[in-house]
Amino acid sequence: MGIRRTTLPGIGTQYDVTTRTGRNLSVVVHQDGRRFLGFYEADDPDACGTSVPLEAEEAAGLARLLDPTPLEAVRTDGIGLVTEQIPVDSRSPYTGRPLGDTRARTLTGASVVAVMRRTSAHPSPGPDFRLAIGDILVAVGTREGVDALAAIVSGS
């Protein structure tokens, strides 16, 4: 499965997913919290075949169905913060390097509050914590800061 993340200026973030069987779907997360789930063909990603708008509760319920053991979400309604999980994949320039090398907080203002690794959690990782392929960074910050952190970690 491949996931591509695209910042949509003034709108939010789009996540495009291609499954191992070749199916394509997008999740668009708007800055105001709205979410849209869309399905498209690989040869024309701009032509959405079906789109399903999801309220926050519906998106959370769908997430629980897809992953019955997610991290408990931190409620950030009304305070301008988001909590997001950022994957470390094989394309990341920080694989095998310390978290401090990302300069995440200095460059983005976002904080990595935990790292999920396979079957264990590492809360409050220090700057010397070494990142590995498959790690999931749990980040907190402004929408712009978390998006910038995701770009840094992905190498884009």
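Atom CZ of residue Phe39 and atom OG of residue Ser26 lie 9.5 Å apart, to the nearest 0.5 angstrom. Here OG1 of Thr108 is found 5.0 Å from CG of Leu149. Values are rounded to the nearest 0.5 Å. To the nearest 0.5 Å, atoms CG (Asp128) and CG (Leu99) are separated by 9.0 Å. Atom OG1 of residue Thr6 and atom OH of residue Tyr15 lie 10.0 Å apart, to the nearest 0.5 angstrom. Rounding to the nearest 0.5 angstrom, the gap separating the NE2 atom in His30 from the CD atom in Gln14 is 9.5 Å. Considering CD1 of Ile152 and CD1 of Ile86, their distance stands at 9.5 Å, rounded to 0.5 Å.
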Could you go step by step and tell me if Leu137 and Tyr94 meet the side-chain contact (heavy atoms from CB on, under 4.5 Å) rule?
-> CA-CA 12 Å; Leu137 308 183; Tyr94 295 99; over 6 Å; no

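When the shell of 6.0 Å around CZ of Arg117 is examined, it contains more than 12 heavy atoms from other residues, nucleotides or ligands. By the 6.0 Å contact criterion, CZ on Arg23 is open, its count of non-hydrogen atoms from other residues, nucleotides or ligands being 12 or less.
Counting all heavy atoms, side chain and backbone alike, Gly155 lies closest to Pro93 at CA-CD, 3.6 Å. The two residues Ser92 and Val153 have their closest heavy-atom pair at OG-O, 2.5 Å. Pairing each heavy atom of Pro98 with each of Arg130, the nearest pair is CD-NH1, 3.3 Å. Nearest approach of Pro125 to Val115, heavy atoms of both residues: CG-CG2, 3.8 Å.
Both Phe129 and Val112 are members of a single hydrophobic cluster when ILVMFWY side chains are connected at heavy-atom separations under 4.5 Å. In terms of hydrophobic clustering, with Ile, Leu, Val, Met, Phe, Trp and Tyr side chains grouped at heavy-atom distances under 4.5 Å, Val17 and Leu54 are assigned to a common cluster.
Listed for the Ser111 side chain is no donor-acceptor partner under 3.5 Å among the backbone atoms of Val113.
Checking Asp89 against Ser154 by side-chain atom types alone, no donor-acceptor pair falls below 3.5 Å.
Within the 4.5 Å cutoff, the side chain of Thr13 has no heavy atoms near those of the Val28 side chain. Counting heavy atoms from C-beta on, the side chains of Val140 and Val82 never come closer than 4.5 Å. With contacts defined as side-chain heavy-atom distances shorter than 4.5 Å, the pair His122/Met116 does not qualify.
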